[in-house]
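Notes follow once the structure below has been shown.
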Amino acid sequence: EAVFDANETAKMIDDFLATLDQKNRVLFVRRYWYSDSIEELAKRFCTNNHNISVRLSRTRDKLKKYLLKKGVAV
């Protein structure tokens with residue numbers, strides 16, 4: 001049952017990522033899948049650390065709302 005729940009949650013996260021624009025999707029995946037640092041991401045996206053942190057925070061908030069809407073306890 002835990003494997004099923006993990007697979008369902010992974011599918012929901014994948015569906016959520018599909019709702020993001022390409023830039024925010026790449027940013028989110030680079031940070032939380034590939035563990036890129038904030039500094040690395042700021043260089044990659046030609047911006048500053050604060051901007052990256054804010055964008056990631058907003059995306060996490062959107063993900064939380066998305067999962068709650070789908071009935072996943074976060």
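Atom CZ of residue R31 and atom CZ of residue R60 lie 8.5 Å apart, to the nearest 0.5 angstrom. One finds the NZ atom of K62 at 11.0 Å from the OG atom of S57 (value rounded to the nearest 0.5 Å). Here the CD1 atom belonging to I13 is positioned 11.5 Å from the CD atom belonging to E8, to the nearest 0.5 angstrom.
No path of Ile, Leu, Val, Met, Phe, Trp and Tyr side chains, each step under 4.5 Å between heavy atoms, connects L41 with V54, placing them in separate hydrophobic clusters.
The minimum heavy-atom distance linking I38 with I52 is given by the pair CD1-CG2, 4.0 Å. Minimum heavy-atom separation, N48 to A42: C-CB, 3.8 Å. Here the shortest heavy-atom pairing between M12 and Y66 reads O-CE2, 3.4 Å.
A 4.5 Å side-chain heavy-atom check between L56 and L27 finds at least one atom pair inside the cut-off. No side-chain heavy atom of F16 sits under 4.5 Å from any side-chain heavy atom of K70.
R58 CZ: 12 or fewer foreign heavy atoms inside a 6.0 Å radius.
Within the cation-pi definition used here (under 6.0 Å to the ring centroid, within 45° of the axis), R55 qualifies as a partner of F45.
Looking only at distances, no side-chain donor or acceptor of R30 sits under 3.5 Å from a matching main-chain atom of D36.
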Practice problem: List the steps, then state whether side-chain contact (heavy atoms from CB on, under 4.5 Å) holds for L63 with L67. | Solution: CA-CA 6 Å; L63 174 59; L67 292 175; 3.9 Å; yes
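Listed by first and then second residue, the salt bridge (Lys or Arg N to Asp or Glu O under 4.0 Å) pairs involving residues 14-29 are K11-D15 (not counting sequence neighbours).
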